[in-house]
Novice: 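Got a structure for you, written out below as C-alpha cells; questions coming shortly.
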There are 2 protein chains.
Amino acid sequence: MGDVCADTTLQFIPRFDASGLMTAICVDEGDGTILMVAHMNKEALALTRSTGFAHFWSRSRQSLWKKGETSGNMLRVSDMLVDCDQDCLVLHVTPAGPACHTGRRSCFYRRVTDHGLEMVGD
Amino acid sequence: MGDVCADTTLQFIPRFDASGLMTAICVDEGDGTILMVAHMNKEALALTRSTGFAHFWSRSRQSLWKKGETSGNMLRVSDMLVDCDQDCLVLHVTPAGPACHTGRRSCFYRRVTDHGLEMVGD
C-alpha cells in the first residue's frame with residue numbers, strides 16, 4: 001500500500017484521520033441536494049457498504065449510528081464516490097424522510113450573511 | 001453564547017473541531033456538482049467571507065491556503081450555507097478552472113464498487 005498513490009489508484013484505500021474518521025456527504029439521488037454531512041469510521045463504512053444503508057460514527061455520542069435507526073428516516077445508498085486523496089465520500093442516497101434531526105429535509109437550511117444567518121427556502 | 005442553540009439560532013456561531021477546523025464543501029453554482037471538500041480554520045473562514053474567494057487550512061502543509069493562489073483556479077463564493085450544528089459549510093462557488101489538483105473539474109471522479117474504484121464520467 002505504501003507505493004499506491006491515492007489519487008491515481010483504482011484501489012479503494014480510505015484514509016481515516018487522526019480520530020479514525022472520514023467525512024461523508026449525503027446527497028439526494030433525486031435532485032442532488034446536499035442533505036447532511038457526517039463521519040464514518042472503518043466499521044460504519046463497512047456496514048454502509050454491506051447493508052446499503054448509511055451508517056456513521058457519532059462524535060458527540062461516541063457510538064456507531066445507523067441513520068434513521070430511531071427516527072425511521074434511513075438513507076438508502078445507491079452510489080458512493082471518493083475524492084482524490086480518499087479521505088472524503090459522497091453518498092447518493094434515497095432518504096426515507098427528513099435527513100435533519102430538526103425535521104427538515106436538509107441540514108443546510110440557513111445562509112451565512114454579513115449580519116448572521118437567514119433561513120433558506122426549501 | 002452558552003445559551004444559544006446552534007440549530008435554531010440565527011447567530012452564526014461556527015463550531016470548529018478539536019483541531020480548530022470545520023468542513024467546507026464547494027459546490028458549483030452552475031449545476032450543483034460537488035467540486036471539492038476542504039477545511040477551514042477561523043482565519044480561512046474570515047478571509048473567505050471578507051474577500052469572496054475560498055480560503056482553506058491545509059492539514060498536510062499546515063498552512064493557510066487561498067485556493068487557486070498558485071494554479072489560478074480560484075473559487076469565487078456566491079453563497080454560503082451552514083448546517084444544523086454549525087460545524088459544516090456548503091459554499092456555492094464559481095470556479096475559475098478545475099477544482100481538483102489532478103486537473104479534473106471535481107475531486108470526486110471515482111466510484112466505490114465492490115471491486116475497488118472505477119472512473120466516473122464527467
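None of these values were measured; they are calculated from a predicted model. Each chain gets a letter, A, B and so on, in the order its sequence line appears, and its residues count up from 1.
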Novice: How close do B:Val77 and B:Ala54 get, heavy atom to heavy atom, and via which atoms?
Specialist: CG2-N, 3.8 Å
Novice: Given a strict heavy-atom distance threshold of 4.5 Å, which part of B:Cys100 is in contact with chain A: side chain, backbone, both, or neither?
Specialist: side chain
Novice: Evaluate the side-chain proximity of B:Val82 to A:Phe108: yes if any heavy-atom separation is below 4.5 Å, no if none is.
Specialist: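 No; the side chains remain at least 4.5 Å from each other.
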Novice: Under 4.5 Å, counting heavy-atom pairs only, tell me which of B:Cys107, B:Gly32, B:Cys88, B:Pro14 racks up the most with chain A.
Specialist: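 Ranked by heavy-atom pairs under 4.5 Å with chain A, first place is B:Cys107.
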Novice: Answer yes or no: is there a side-chain heavy-atom contact under 4.5 Å between B:Leu47 and B:Leu45?
Specialist: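 Side-chain contact under 4.5 Å: no.
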Novice: State, with a plain yes or no, whether a side-chain heavy atom of B:Leu21 is found less than 4.5 Å away from one of B:Phe16.
Specialist: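 SC-SC contact between B:Leu21 and B:Phe16 ruled out.
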Novice: Between B:Leu35 and B:Val93, is a side-chain contact (heavy atoms from CB on, under 4.5 Å) present by the stated rule, with each step listed?
Specialist: CA-CA 9 Å; B:Leu35 299 176; B:Val93 302; 3.8 Å; yes
Novice: Among B:Leu89, B:Leu81, B:Leu117, single out the residue with the greatest number of heavy-atom pairs under 4.5 Å to chain A.
Specialist: B:Leu117
Novice: Can you pull out all donor-acceptor pairs below 3.5 Å that join chain A and chain B?
Specialist:
from     : atom 1 : to       : atom 2 : distance (Å)
A:Ala6   : O      : B:Arg110 : NH1    : 2.8
A:Ala6   : O      : B:Arg110 : NH2    : 3.0
A:Asp7   : O      : B:Tyr109 : OH     : 2.5
A:Asp7   : OD2    : B:His101 : NE2    : 2.7
A:Thr9   : O      : B:Arg110 : NH1    : 2.7
A:Leu10  : O      : B:Leu117 : N      : 2.8
A:Arg49  : NH2    : B:Thr113 : O      : 2.7
A:Arg59  : NH2    : B:Asp87  : OD2    : 2.9
A:Asp79  : OD1    : B:Arg111 : NE     : 2.7
A:Asp79  : OD2    : B:Arg111 : NE     : 3.3
A:Asp79  : OD2    : B:Arg111 : NH2    : 3.1
A:Met80  : O      : B:Val112 : N      : 2.7
A:Val82  : N      : B:Arg110 : O      : 3.0
A:Asp83  : O      : B:Arg110 : NH2    : 3.1
A:Cys84  : N      : B:Cys107 : O      : 3.1
A:Cys84  : O      : B:Arg110 : NH2    : 3.1
A:Asp87  : OD2    : B:Arg59  : NH2    : 2.9
A:His101 : NE2    : B:Asp7   : OD2    : 2.7
A:Cys107 : O      : B:Cys84  : N      : 3.1
A:Tyr109 : OH     : B:Asp7   : O      : 2.5
A:Arg110 : O      : B:Val82  : N      : 3.0
A:Arg110 : NH1    : B:Ala6   : O      : 2.8
A:Arg110 : NH1    : B:Thr9   : O      : 2.7
A:Arg110 : NH2    : B:Ala6   : O      : 3.0
A:Arg110 : NH2    : B:Asp83  : O      : 3.1
A:Arg110 : NH2    : B:Cys84  : O      : 3.1
A:Arg111 : NE     : B:Asp79  : OD1    : 2.7
A:Arg111 : NE     : B:Asp79  : OD2    : 3.3
A:Arg111 : NH2    : B:Asp79  : OD2    : 3.1
A:Val112 : N      : B:Met80  : O      : 2.7
A:Thr113 : O      : B:Arg49  : NH2    : 2.7
A:Leu117 : N      : B:Leu10  : O      : 2.8

Novice: Heavy atoms, side chains only, cut-off 4.5 Å: are A:Met36 and A:Ile25 in contact?
Specialist: no
Novice: State, yes or no, whether a side-chain contact exists between A:Val27 and A:Leu91 at a heavy-atom distance under 4.5 Å.
Specialist: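 A side-chain contact under 4.5 Å is absent here.
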